[in-house]
Each structure stands twice: as C-alpha cells, then as structure tokens.
Amino acid sequence: MTDPAQVDSGKHSFVVVSNRLPVDRVAEPDGTAHWKHSPGGLVTALEPVMKRNDGAWVGWAGLADLELEPFESDGIHIVPVALTQADVEEYYEGFSNDTLWPLYHDVIAPPTYHREWWESYVSVNRRFADAAAAISEVGAVVWVQDYQLQLVPKMLREVRPDLTIGFFNHIPFPPYGIYSQLPWRTQIIEGLLGADVIGFQRLADANNFTRAVRRLKGYNTKGTQVDVPLVDESPGVRVHAPLKGGKPYRSVVAKQFPISIDAQSYADLAQTPSVQARARQIREELGDPKCIVLGVDRLDYTKGIGHRLKAFGELLNDGRISVEDVTLVQVASPSRERVTAYMSLRDEIELMVGRINGDHATMAHVPISYHHTSYGREEMVALYLAADVMLVTALRDGMNLVAKEYAASRIDDDGVLILSEFAGASDELKRALLINPHDIDGLKAAIVRAVTMPKTERRARMRSLRKRVFEYDVVTWSSAFLDELTAKADG
Ligand code: G6P
C-alpha cells in the first residue's frame, strides 16, 4: 500500500475506537516505512457500515513515537493516536498485556500490578477518548473495542453526553473471584458503564460482568439490564431521566454478541484454483502423510500449545500414531515479543518441538512442522484445506476465530475440528469434538478419534459447523450489536 493522501478528518456520525488501526505502519530496516492492511475480521465487518455512515476509525498505528495526520484508506477516515515509547511499555505491554490479559484469561500466567502502568493506562485511554470526542458529530454513534480501552466509554460520556456509546470486549470477562484481585477493579467497572451497550462473547462473560457490578457498585441488574443511578455520575446535577426508587437512572445493556468471521470470503478463497493447488502442494511437500493435523495460533500462553504438543508427543511415544502417517503442522505467529511471559513461552514451546522432533524424526519424516511466522489469508486457507484435523486447545479464549475459519474454508464438508470447551466458539460449534485441554488422556483420545473418524461422520459434523458459521457471520454480529445500540439511541 502506498502512503495515502492526508484529508481533513471533519466530523463523523459513526466512529470506531480500537487500540490498533485497520492499517499498520511498518518500519523497514533501511529506515523507510509503509502502510500495511491488517485485514482482521473487524475491518471486514465494519467496512460496509463505515462506508454507509462516513465512518472514522481512531487507533494506534503500531509503532512508537509517531505523530501522524488523519488520512483516508479505502473509504475509511483513519485517525491515528500517537503512543510514546513509554506508553507502549506501560499502557500496551504493561497494563494491557501483562496485567489485564493474564487476569482476564483465568490467571493462566500471573498478572503484574504496577501503579505506574495504571496511570499510563488512564492517560492513554483519555487520549483515545479525546480523539474520538473531537471527530464525532452531535448525536454520533461511537463503538469502542476491547480491553485496552475500558475507561474510554466513561471518559467520552463525561465530555460528550450527546453520544451513543457501545463497547465490545473481545476477550473473556473473568469470574468475580479472579476479577476482584485487580486493584483498580471499581474504576474499570465505572469506565465500562459509561457505555449504553456493553457486548461480551459469551453469556458467562456478561454474567461475570453484571455480578462484578452488583458486588462493587451495588447497582440493580435484571437480565441484561443494569440501572446506573445518575446521581453517581453527575453529583448535584438535576436530570430528567426515568426514576427508580425515586432516583433518576440510566439503563445500560450488558449482553453476549458472539463475534464471527466473513465466512463467504473464506469459502470464496477455498474455491480458487490457485489456493486448491497450493493445498495439494502443501500435502506433497509434507511427504503425503495419511493425516495432517493443524494448529494455528498467536504464540500466546492462553492457547494451550504446550498441552497439544504433550498429547501429540505421547501418542507418538505410545505408538498410537506413527511419524509416517501423521504430521502436526503448527503455525505460531509472533506476538507481544517484549513481554517476559511471551519470551519464556517461546523458549518452552520450541524446546518441546525440538525434543519431539529429535525423538521421532526419520530421514523422510518430521513429526512437527513448526512455523514461527504469520501467513496471509490465501496460505491460511490452503493450510485449512490441506488439514484433515484442526486442533484448537485454548485454555481460555474469548472466541477463537481460527475454529470458524477452518469450518468456513471446508467447502468439501470434510475435516474434523477438535475444539476446547474453554474457547467461546464451543458455545456455537457444538458438533466439533469438544475437549478439556487439561485432560491429556482425553485430548489424546480425541486426536485418535479424529484421525480415524469415518467419512460419513466427518461430513455430518462439518456440515453442522458450516451451517452455524454461515448463518451467524460477522455482518450478523455487527448488525446485532449496532441494532441494540441504535435502539437505545432512539429509545
Ligand atoms: C486479541 C485481542 C485484540 C488484539 C489481538 C492481537 O485478539 O482481543 O485486541 O489486537 O489479540 O494482539 P496485539 O497485542 O498484537 O494487538
């Protein structure tokens, strides 16, 4: 992508705010830099809404110390928010990814609590809120995304009470027993309650949130509705609002909206002759094993990559699968590489891969084909088509879109999905082989079952997965959320 022309950002009736922009600024070793599309599902989902509403996207370009003017990319107004190196270390790597991320994922890794990180989180959230406030027209709809920006809804409401504000949490919301560890637990709840609609992946996440609201704020909650007394928000201010127990209140909706993918675009790619040829080539390059098992993850401790390798290694040791017949392809995309827990994880995983390969490789076959990289969409779909079994062993995951991408790509109705019950996707993809990744024997049994599953059963299961993924795609997801939000605006 070439550098786009700068534009006057003006005011917008629909604004998305997320930590990362839909485009990344990439620095080359020779000192030059360019823009690269980061084609996440969110971009695909929101693109039509953005174009219809002259939308704007507020976010960080992914590099420190970069002041960039607003510009236009594919019909979307991009409004970059600058982060200094200190912000990246304290707000992004620190509070977002070494405090909130482990805390919200069942403390699989221990969260670190630093008051300086919290101060940075507050000030960066304010910068995002101010940027969104500055470009929103009167009565605009603003949709804030994910755990990095949980204070933005309240900050935005304080400066712009005319806005309709939505928030969607892409990761789990933890049970109160875990959430209550957070020294700033009340401030985060107050931050989120600035929104009109707060979306979660699963019903359990929404319930965890409303319980935290009751415990920390004592507010009434009924079903998906939370009553926020306005006197708490604007002390001393007389307001015209519904009354409950004589007090004015604002009602907030907290509800599950499971995110999805642009299923058709995966099926379209899977139809492409070049992608199909690449899938055949991948199988050949791997020595045409009877069965290819695939794992695709960001290299993150929440994904249970170690559990999966342990199960696979034991199956080889036990002689229940052989290196000639079964190959595991593991794609591990580099992620958050300056955070200590991620550095140790990489060492741990690569040690395991090396050991298993060292113990079981023959001159002709290597049990694990390991790739520490991220691939583009076409290569991913070719891999999905080549893989007989897809292995998703997350210990905790908001949704896990890889599971949905695999199903959407299997236009031949073949392939077996093994899916952790701790991934949000398991609420919907009920005909996957559901596993508890902590139960290594159960995981081993599921792998053997998948490898030996008769074709009729594979097809029946895959059809059911595909039906769900196509019926509830990312456009259905964004419409469901925005309908709820605009109903609040009109009501
Ligand atoms: C998860 C989060 C996203 C985040 C992504 C990649 O999916 O929910 O908010 O953007 O991981 O992580 P990164 O830290 O590279 O943005």
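All ligand and atom numbering here is 1-based and tracks the order in the structure. Computation of the quantities below employed the complete heavy-atom set of this structure, encompassing side-chain atoms and omitting hydrogens, waters and symmetry-equivalent molecules.
- Considering backbone and side-chain N/O atoms, Y92 comes within less than 3.5 Å of an N/O atom of ligand 1.
- The atoms of ligand 1 that sit less than 4.0 Å from any heavy atom of I171 are 8 (O).
- Here's the thing with S335: none of its N/O atoms is less than 3.5 angstrom from an N/O atom of ligand 1.
- Heavy atoms only, all atoms of each residue included: A311 and I447 are closest at CB-CD1, 4.2 Å.
- At least one heavy atom of D146 lies less than 4.0 angstrom from ligand 1.
- The residue from Y179, Y104, W101, F167 that alone fulfils the ring pair (Phe, Tyr, Trp, His ring centres under 6.0 Å) condition with Y147 is W101.
- The two residues Q148 and Y121 make their nearest non-hydrogen contact at O-CE1, 3.0 Å.
- The shortest heavy-atom contact between R461 and R431 is NH1-O, 3.0 Å.
- Contacts of R298 with ligand 1, taken as heavy-atom pairs under 4.0 Å, involve the side chain alone.
- For ligand 1, the polar-atom distance check finds no N/O of Y147 at less than 3.5 Å from any of the ligand's N/O atoms.
- Between W184 and W118, the ring-plane angle classifies as parallel under the 30° and 60° cut-offs.
- Applying the 6.0 Å contact sphere to CZ of R126 captures no more than 12 heavy atoms from other residues, nucleotides or ligands.
- Of the protein's heavy atoms, R336 NH2, 3.2 Å lies nearest to atom 11 (O) of ligand 1.
- Polar contact check, R20 against ligand 1: a nitrogen or oxygen pair lies under 3.5 Å apart.
- Proximity to H170 (heavy-atom distance under 4.0 Å) selects the following atoms of ligand 1: 8 (O).
- Side-chain rings of F200 and F209 approach one another, their centers coming within less than 6.0 Å.
- Atom 7 (O) of ligand 1 is not flagged as protein-proximal [any protein heavy atom, distance under 4.0 Å].
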